[in-house]
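Nothing fancy with the numbering, it's 1 onward along the sequence. Just so it is clear, the structure is predicted and the values come from calculations on it, not from any experiment. What's counted below: heavy atoms across the whole structure, side chains too, no hydrogens, waters or symmetry copies.
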Amino acid sequence: MTDIHKLAGTIDGAARDARAIAQLSAGTTLTLEQAYAIQKASIDLRLTRGERRVGVKMGFTNRAKAVQMGVHDIVCGRLTDRMIIEDGGTVDFARYVHPRIEPEIAFLLKAPLEGVVTPAQALAAVEAIAPAMELIDSRYENFKFSLEDVVADNASSSGFVVGAWHRPDIDCSNLGIVLSFDGRPVQIGSSAAILGHPLRSLVAAARMTAAGGERLEPGWIVLAGSATAAEPLRRGLYVEAEVQSLGRVAFTIGN
């Protein structure tokens, strides 16, 4: 029998200590439903330590990213205030095991969203949109995992940085995106790679969150998913994403 709380503690400890662990699925039969239960329980441990829930991230919304990670289903994870990286700030490389970065579009909500909604209804709930990057970090040894492992590990979400907010009526369907390391482009893509339109990711977030017994709350941030494959990070990098019409967002990896 799968011990949800024990496995949640294992995931939580690995994230806190930046320590690689064996795949959870290697030692037990793990269903997707159980993986989401582990994710929730591990985030609940953070909340009891004083962290605050601030949103949702969507994952594997980009075909290139899904192929890169060897999975095929859309997933979602939870965001807390402890995961926020200041735009222009510095992060400690030692906090992570296998850190990677991906450029995204972020939505800020002004109204709740729950269940099955249309893209128009989703957009009506948006306060603003912004350029963003998500720092992902699988805690599994040798960067090997199943879909269930990824979900249990909060969909690999470990940090995020959001740039300046813009009015929500900017057409974000096909915005050019450039991810750069030390001023050199390493990934070039488009917001159209996010399920064909980032709003579709927000629609999926409302549906998947409701399936987990929650709703998207006013004031929450929703990361729509990567527009490109993820790039491995290393010490000392200046990381920047530029999104057409939305501007830039950046941070530095400490030495």
Q: Between His5 (side chain) and Ala41 (backbone), is there a donor-acceptor pair under 3.5 Å?
A: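 Not at all, since once roles are kept as given, no pair shorter than 3.5 Å links the two residues.
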Q: If we check side chain to side chain donor-acceptor pair (under 3.5 Å) with Asp149, which of these qualifies: Ser25, Ser156, Ser138?
A: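 For Asp149, the side chain to side chain donor-acceptor pair (under 3.5 Å) test succeeds with only one of Ser25, Ser156, Ser138, which is Ser25.
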Q: Quick one: CE on Met208 to CD1 on Ile74, what's the gap to the nearest 0.5 Å?
A: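 Here the interatomic distance stands at 7.0 Å.
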Q: So, does Asn142 use its side chain to make a donor-acceptor pair with the main chain of Lys144 at under 3.5 Å?
A: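 A pair under 3.5 Å: no.
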Q: Return the minimal non-hydrogen interatomic distance between Glu104 and Ala224, and the atom names on each side.
A: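 The answer is OE1-N, 3.7 Å.
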Q: At their closest point, which heavy atom of Ile136 faces which heavy atom of Ala230, and how far apart are they?
A: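 Heavy-atom minimum between the residues: CD1-CB, 3.9 Å.
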Q: Can a donor-acceptor pair be found, under 3.5 Å and without considering hydrogens, that links the side chain of Asp182 to the backbone of Tyr238?
A: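 Yes, the answer is positive, given that a donor and an acceptor are paired below the 3.5 Å cut-off.
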Q: Search all heavy atoms of Ala106 against all heavy atoms of Ile221 and return the closest pair with its distance.
A: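 Heavy atoms of Ala106 and Ile221 come nearest at CB-CG2, 4.2 Å.
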Q: Output, in order, the C-alpha distance, side-chain angles, deciding distance and verdict of side-chain contact (heavy atoms from CB on, under 4.5 Å) for Val54 and Arg52.
A: CA-CA 6 Å; Val54 297; Arg52 180 173 54 88; 3.6 Å; yes
Q: Donor-acceptor pair, distance only, cut-off 3.5 Å: does the side chain of Thr10 make one with the backbone of Lys6?
A: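 Yes; judged by distance alone, with no hydrogens or angles, the pair exists.
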Q: What heavy-atom pair brings Cys76 and Tyr36 nearest, and what distance separates the two atoms?
A: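 Taking Cys76 first and Tyr36 second, the nearest heavy atoms are N-OH, 3.2 Å.
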Q: Cation-pi between Arg139 and Phe145: NZ/CZ under 6.0 Å from ring centre and within 45° of the ring axis?
A: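 Geometry flag: not set, cation outside 6.0 Å or 45°.
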Q: Can you give me the closest heavy-atom contact between Arg215 and Trp220, atom names plus distance?
A: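 So the minimum-distance heavy-atom pair works out to O-CZ3, 3.4 Å.
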Q: Tell me, with the steps shown, if Thr61 and Ser226 meet side-chain contact (heavy atoms from CB on, under 4.5 Å).
A: CA-CA 7 Å; Thr61 56; Ser226 181; 5.7 Å; no
Q: Hey, is the main chain of Thr48 close enough, under 3.5 Å, to the side chain of Arg46 for a donor-acceptor pair?
A: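 No, the answer is negative, given that no donor and acceptor are paired below the 3.5 Å cut-off.
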Q: Check whether Ser42 reaches the backbone of Ala8 with its side chain - one donor and one acceptor, N or O, closer than 3.5 Å.
A: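 Not a single qualifying donor-acceptor pair exists.
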Q: Starting at CD1 of Ile194, measure out to CE of Met58 and round the result to the nearest 0.5 Å.
A: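 If we round to the nearest 0.5 Å, Ile194:CD1 and Met58:CE are 11.0 Å apart.
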Q: Indicate yes or no for a side-chain donor-acceptor contact from Arg200 to the backbone of Leu195 under 3.5 Å, with no hydrogens or angles considered.
A: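 A pair under 3.5 Å: yes.
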Q: Which donor-acceptor pairs under 3.5 Å do side chains of residues 246-255 form with protein atoms, sequence neighbours excluded?
A:
from   : atom 1 : to     : atom 2 : distance (Å)
Arg248 : NE     : Glu242 : OE1    : 3.4
Arg248 : NH2    : Glu242 : OE1    : 3.3

Q: Going through the checks in order, is the side-chain contact (heavy atoms from CB on, under 4.5 Å) test met by Tyr96 and Leu233?
A: CA-CA 10 Å; Tyr96 309 101; Leu233 295 172; over 6 Å; no
Q: For Arg78 and Gln39, run side-chain contact (heavy atoms from CB on, under 4.5 Å): C-alpha distance rounded to whole Å, both residues' side-chain angles, the deciding distance at 0.1 Å, then the answer.
A: CA-CA 8 Å; Arg78 293 164 163 86; Gln39 179 192 123; 2.7 Å; yes
Q: Kindly give the heavy-atom pair with the smallest separation between Leu179 and Pro103, and that separation in Å.
A: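 Scanning both residues, the minimum pair turns out to be CD2-CD, 4.1 Å.
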Q: Using only heavy-atom distances, determine whether the side chains of Glu102 and Thr228 contain a donor-acceptor pair under 3.5 Å.
A: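 There is no such pair between these side chains.
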Q: Any side-chain to backbone donor/acceptor pair from Asp171 onto Ser173? Under 3.5 Å, distance only.
A: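 Yes; at least one donor-acceptor contact below 3.5 Å.
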